[in-house]
Structure formats: C-alpha cells, structure tokens
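The structure under discussion appears below in the form of structure tokens.
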2 protein chains.
Amino acid sequence: MGIRPADQIIHKAAWLYYAHSMRQDEVARELNISRASVAMYLRKARETGIVSISASTRLFADDVLARQLEDALGLAGVWVVPATTRTQDPHSEVPVVAASVFLDLVRPGTRVGVAWGRTVYTIAALMAHADLQGVTVVQLCGNLGAPYSYRPDECTMEIARRLNAKGINIYAPLVLSTEKLAAQLRSEPVIREQLEGIARCDLALFSVGTVDDDSHVVRCGAVDLDELAELRRLGAAGVVAGRIIDAQGKSLDCDYNSRLISADLDSLRAIPKRLVVVQEESKFGPLKAALAGGLCTHLVLGAYMARRLLDEGSSLQSATEK
Amino acid sequence: MGIRPADQIIHKAAWLYYAHSMRQDEVARELNISRASVAMYLRKARETGIVSISASTRLFADDVLARQLEDALGLAGVWVVPATTRTQDPHSEVPVVAASVFLDLVRPGTRVGVAWGRTVYTIAALMAHADLQGVTVVQLCGNLGAPYSYRPDECTMEIARRLNAKGINIYAPLVLSTEKLAAQLRSEPVIREQLEGIARCDLALFSVGTVDDDSHVVRCGAVDLDELAELRRLGAAGVVAGRIIDAQGKSLDCDYNSRLISADLDSLRAIPKRLVVVQEESKFGPLKAALAGGLCTHLVLGAYMARRLLDEGSSLQSATEK
DNA sequence: TCCCACAATTGACATTTGTCAGCCGCTCTG
DNA sequence: CAGAGCGGCTGACAAATGTCAATTGTGGGA
C-alpha cells in the first residue's frame, strides 16, 4: 500500500518540520499553504504515525525492584511503575507504561498476538500511533457473543489501527456449549489456520484474569457463578486469553477449557516475547500462576505488586527454573 | 550504565510531557520546578535521546524511481531524494534522509560499522539523538595520520555519541608504507580482533569515493597524484572504506590495497544490511562499481543519479545477479 | 447551468512554548 | 571568612503553535 496522494502533502510538511526543524510558517511558505493548514497536517501526521514521538521507558526499567524481579524470575524485561505518581492513582499509570513498552517491542514486519480484557483495551486506547510496515496483529482468542465492551476483536483492531498494521480476527465464539462443537469448529480450515498462526507470532500482549466472582469471565457471561465455584474447587488460579489455568500455570483439565476457541498455552509459549501487564492488586494470584507456567517473558506492573512478588519470590523461582 | 540521578528529573519531565501529553506548566507544578526549567529539561531530553521524534522516510522510499531501482538492482531498500527540494540544493538533502534511514535500520542491541568520509560525517552531524541500548559502533577502517577533518574515528565516535552507544575505534593507520608492516599490524591481536569483528556487524554505513585527482584519498594524503594515476591505469574505479575497487567491485590487486588496515570486502559483504549513501554526481562511476560488487543492500541517493543508474541499469543487473 | 452540501483552507485570536538576563546558593580560594 | 566564580533556576517577555468560526473551493444532482 503506497502513500495516498492526499497524504503526500502531510508527509512533506512533517518532513520539513521534524527532519529539518523548520518553523510552521517556513513550511507554509515552502508548500504555499497557510500556517494553519501546516498545523493541521502536523497533527494528522502525529495521529497517523507518520511521525512518531516516544519517551524512553528506562525510567521504569532501571528501577531497583525491576532488576531484582528480572533476576528472581528469570524474565527478559520488567518495568515497575512506582506507587508515588502524584498525578493519579498508580494503577492508571501501568497501561501508559505498557503501551510505550509494547511499542518498543514491536518491530516492522513482525506478527503480534493480542488477547482481550479491560487492561489490554486500555493499553490500546492509550497507545501512540505508529507507521510500522508489514506488521500483523492477530487475535489470540475467540469472541464473546454478548455485546460486551472490550471485545477481543476490538482490542485487536484498535491496536492494528494504531500501528497501521493488518488485523486478523478470529470469527468464532470464545466458548461453546459442547466440547464436540468446539473441536469441530477448531478443525474448520479458517479457524485452524488462525489458531496455528498464533505460535508464529513474535510478540504477545495479554493480561491475566482473576477467578473470583467479580472476574471478567463472569461479567462477560463466559461462565456463571456456580460453574466458576466448581472450577475454583478443581484448582483454577487465573485466566489467560480466556483459558483457565491452575496454580502451576498449566491449563486446568476441565470441561470449560475443552470448549474454548483460543490460543493453547503451548502456542503461547512458542511466542518469543510475551508481555504481561498487570494493573489490579487482585491479580496477584493469577499472575503468580502465569509466571509459574512460564507464560511471561516481559512484565509491566505496579511497585506494590512487584514488592509482593519479590517477597514471595523464592518459591516461584524454583517453579520457573524447572 | 544506569540513569544518573541528575537525569531522573529529566526523564520524569519527559515522561509526563510526552507520554501523558501534559502541558509544561502542569509538569512544572507536578515536579515543583519552574516552567522554564521544564522547557530546558525537555530540550535536554530530546538532545540526549530520552525522547525520540522521527519522521517517516516513506516519502522517499515510495518514489517510483526508488521502486524501479530496487527491482532493477535487487536491493532491499532504496530512497530517492527528489531534485525539487525548493529549500536548497538537493544534494544537501541526501544526508538528512540518510540519517533518518540509518536510525530506522539500527535496532537496540545491534552492532554497526561505519566508514569515513565527508558524507558519513555530515550524516553523523545531522542525525537525531537516540537512546538505543546495547548498540556498538565499530570503525571500518584505520585512521589517517595527518590532522584531517572527517577522521574515521570522529565519524565513529560522533555516531556512537548520538546513539548512546559504545564506540570502538581502530587505532591504526589506514595505510602503511610497506605491505609487510601492514600484515604484521593486521595480525596484532588488538587489531586482528577488531578487523574480525567487522563481519559480525548487523549494519554498515558508508559512502563511495572517487578516484579522480580531487578524490578524498588524495586530499587526505593517503595517495599522491602519481600513485593515483597508476591505480587508475590498473583499473581503479572507486573507493570503499579506504580500499580501491575496480569496475566489477572487486578489491583492486595493487600495492596500495595490500598496505591497508581496513575492512576487506568479504567481511563487508558478510554484514546483512549495508547502507550506501551517495551525494555528489561525480560518484556515479564508483557507485556503479560498488553495486556491481554487491557491496550495497540499501541505497540513498538523489533523483538525478537514480535516473542515470536506471538508464544504464541493464548491464548492472546481470552483474549483480551473477 | 445553477444551487446545495460538504470538505478543505484560512485569518485572527488564544494559548503554549522558547529564551535569556539576572538571581540565588554553592564551593573553592586567598 | 569575604569574595569571586560557577552552574542551575526563574520571571518576564518574545516567539511559535493550536484552535475555531468564517470563507472558499468542489463535485454532484436537478
């Protein structure tokens, strides 16, 4: 896809302004348009990723806690958001950092998988626009039937839009009523191809879900409260891409999981970079489970959660090193 | 190398301003400093690469000529700078584009090699600052004894400085008086190691030199006019990283080349991405030679030169496809 | 051909940002 | 311990940028 002729002028204005550090009135004179137009073009250029402005995330990666966590958990990268953000509560800072980190990790020509959830959607909405060429964004899990906010396909498409990338959705329900139907659907060529494509990703972005009564999977109607209680009895510890995992981070052997159309954990682990973002304190248990299962290579979280992880870290370390 | 405590405040200001889109007065209030200080910190943040602003180079890569050249010469990327830059002569635009393209090609953790010359030095001086972690910049050729501007080590160090990278210089003369001495020096562990490190680069940046009487190698005192005339008689067609090449892009079998401390062409070709930048029209011949020898994968040049290359392209194509 | 609807562009004004002389506090020195 | 020297910070002003109502251009339908 080439540059649309209408974009040509935007490119030129952006180039003169940003690459040559010309002033807007100089650019206007150069292109024979009004300065107001230049200002408008420049805004468009920023919005469409023709120019990208990014702030270093080292502020968060250089944190002492971050380093300790990297060592303790054997992760490739950890970003700790301090609790002392004066502006607002530290939780809302986590997705901002995550969006920057995510952009740092995406490279032109790569394939990224995104799961769903409030956290992921918030990140998508906060993310700067970029013009990465040849990037493909794939959806890691099926959709939910009900008209629910933060739909998986919305997360995928919004991120794809912001990266100027191609978005590939999975047009299948996240969870079906019988195992048999799920299996049949999974072997449909269209769906199978997409599920197989997950393991070929270079980068994955997801959060973890809780398994308490206020859980995302409950609120979006994927499981009811009785079912969830039963799952907890069986050892459910968290949710990753719609799939229930146990405390060891393994897919819980249960009816619910067998009825899913979603990335399986082996495919997920086949992705080299797996960025997990955790906002709420309530996700401590699920996060531990995901870490134990080696589902995470890069981690963005708040300082308080980081502290808790380190304090309970000794047991985790052995688990991830197995 | 962690963040120096003095940089902490700069990082914070940059983060609040660029990641949160706060206004300078808001940032100032947040950090309890004056707005003037915030403005100063932000300038520093831009200058040190804590925040990076980059404009897309697609404007130049989407040019029709660029596409045709890519196909005709089998190159991975071509950027054509149009002749119609109203601001100034098109030649001075080439290094600006080259600097942006170069920054797009460098990735954190990679190793880049840079040669020397006016063009390379101009690019270095124009290049935006970035904070790429784990990058190493290595010098592709030895130094010249005389106090000459655009010294190879200056090119290397300036680029390293702008990338916040580690610079590795070759502390040896580019050309020695006898073949024997050059050979001895090349087998010195310090030098040998550096020369061997060249092939391990991921990216190289260089230009091509002419072999006429006004050539860089003459002006910097590496060869005298008589010697150069003799070299031309032997078939010299251009200069790459201080080495004389013939019209087929092979290292010219001559006394001068045997006395060099510089990247050999095989090492150079072992580097996956080789960005060649050509400014002056007089470099047409040398560029053809370099292309014939497969020394180039990515190319930045002016529209007029691109046109000439395409017109004479048929012969080149067969040469590079051999 | 005329007219209308819609989008792009502009001029004028409001807001935000860059700059620099002067000031403050600190250290080093005689 | 006074005073010079220095680096960083600030206040006030100048410059640059963002915004929006009004205007101009443009294509399509009657």
Side-chain angles (χ1 to χ4, degrees), chain A residues 2-56 59 86-88 96 125-131 161-162, chain B residues 2-56 59 84 86-88 96 125-131 161-162 164:
Chain A
I3 294 179
R4 294 199 316 271
D7 287 351
Q8 191 87 359
I9 189 82
I10 300 182
H11 265 87
K12 280 191 185 170
W15 182 258
L16 293 174
Y17 187 77
Y18 287 106
H20 283 274
S21 313
M22 284 168 83
R23 288 195 320 267
Q24 294 189 358
D25 53 358
E26 295 179 295
V27 176
R29 206 173 322 126
E30 180 79 20
L31 301 177
N32 287 326
I33 52 179
S34 75
R35 202 192 52 72
S37 296
V38 174
M40 194 200 66
Y41 289 158
L42 292 179
R43 180 156 40 73
K44 271 194 184 158
R46 286 185 300 261
E47 279 169 2
T48 55
I50 288 172
V51 308
S52 62
I53 300 180
S54 62
S56 161
L59 187 56
R86 279 173 293 272
T87 16
Q88 59 259 317
V96 185
L126 284 166
M127 193 156 56
H129 294 253
D131 189 14
R161 196 178 67 80
R162 300 221 170 204
Chain B
I3 294 179
R4 295 199 318 272
D7 287 352
Q8 191 87 358
I9 189 84
I10 300 181
H11 266 86
K12 279 190 185 171
W15 182 257
L16 292 173
Y17 187 76
Y18 287 106
H20 283 274
S21 313
M22 286 168 83
R23 287 196 318 266
Q24 293 189 359
D25 53 357
E26 295 179 295
V27 176
R29 206 173 323 127
E30 179 80 20
L31 301 177
N32 287 326
I33 51 179
S34 76
R35 203 194 51 73
S37 296
V38 173
M40 194 198 65
Y41 289 158
L42 292 179
R43 182 157 38 74
K44 273 196 182 156
R46 288 186 298 261
E47 279 169 2
T48 56
I50 287 172
V51 308
S52 63
I53 301 179
S54 62
S56 161
L59 187 57
T84 53
R86 278 174 290 273
T87 16
Q88 60 259 316
V96 184
L126 284 167
M127 193 156 58
H129 294 254
D131 189 14
R161 196 178 68 79
R162 301 221 170 202
N164 263 301

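Below, chain A is the first sequence line, B the second, and so on; all start at residue 1.
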Compare all side-chain heavy atoms of A:Leu59 with those of B:Gln8 and state whether any distance is below 4.5 angstrom.
-> yes
Under 3.5 Å, N/O pairs linking protein and nucleotides 7-9 of chain D:
| unit_1 | atom_1 | unit_2 | atom_2 | d |
| --- | --- | --- | --- | --- |
| D:dC9 | OP1 | B:Tyr41 | OH | 3.1 |
| D:dC9 | OP2 | B:Tyr41 | OH | 3.3 |

Nucleotide interval of DNA chain C bounded by contacts with chain B (heavy-atom cut-off, under 4.0 Å) = C:dT16 to C:dT19
Which residues satisfy the salt bridge (charged side-chain N to carboxylate O under 4.0 Å, His left out) test with A:Arg23, sequence neighbours excluded?
-> A:Asp25
Going from CD1 on B:Ile53 to OG on A:Ser21, what distance comes out if it is rounded to the nearest 0.5 angstrom?
-> 9.0 Å
Gap separating the CZ atom of B:Arg162 from the CD atom of B:Glu47, nearest 0.5 angstrom = 9.5 Å
Dump every N/O contact between nucleotides 16-18 of chain D and the protein below 3.5 Å, one line per pair.
| unit_1 | atom_1 | unit_2 | atom_2 | d |
| --- | --- | --- | --- | --- |
| D:dA16 | OP1 | A:Arg23 | NE | 3.0 |
| D:dA16 | OP1 | A:Arg23 | NH1 | 3.0 |
| D:dT17 | OP1 | A:Tyr17 | OH | 2.7 |
| D:dT17 | OP2 | A:Gln24 | N | 3.0 |
| D:dG18 | OP2 | A:Gln24 | NE2 | 2.7 |
| D:dG18 | N7 | A:Arg35 | NH2 | 3.3 |
| D:dG18 | O6 | A:Arg35 | NH2 | 2.7 |

Is any side-chain heavy atom of B:Val96 closer than 4.5 Å to a side-chain heavy atom of A:His20?
-> yes
Donor-acceptor pairs are to be reported for all side-chain atoms of residues 37-44 of chain B against protein atoms at under 3.5 Å, with residues two or more places apart or in another chain.
| unit_1 | atom_1 | unit_2 | atom_2 | d |
| --- | --- | --- | --- | --- |
| B:Ser37 | OG | B:Ser34 | OG | 3.2 |

Starting at OH of A:Tyr18, measure out to OG of A:Ser52 and round the result to the nearest 0.5 Å.
-> 10.0 Å
List for me each residue that meets side chain to side chain donor-acceptor pair (under 3.5 Å) alongside B:Thr48, sequence neighbours excluded, and say none if there are none.
-> none
Can you tell me how far CG of B:Asp131 sits from CD1 of B:Ile50, rounded to the nearest 0.5 angstrom?
-> 7.0 Å
Side-chain heavy-atom pair B:Arg161, B:His129 within 4.5 angstrom cut-off | yes
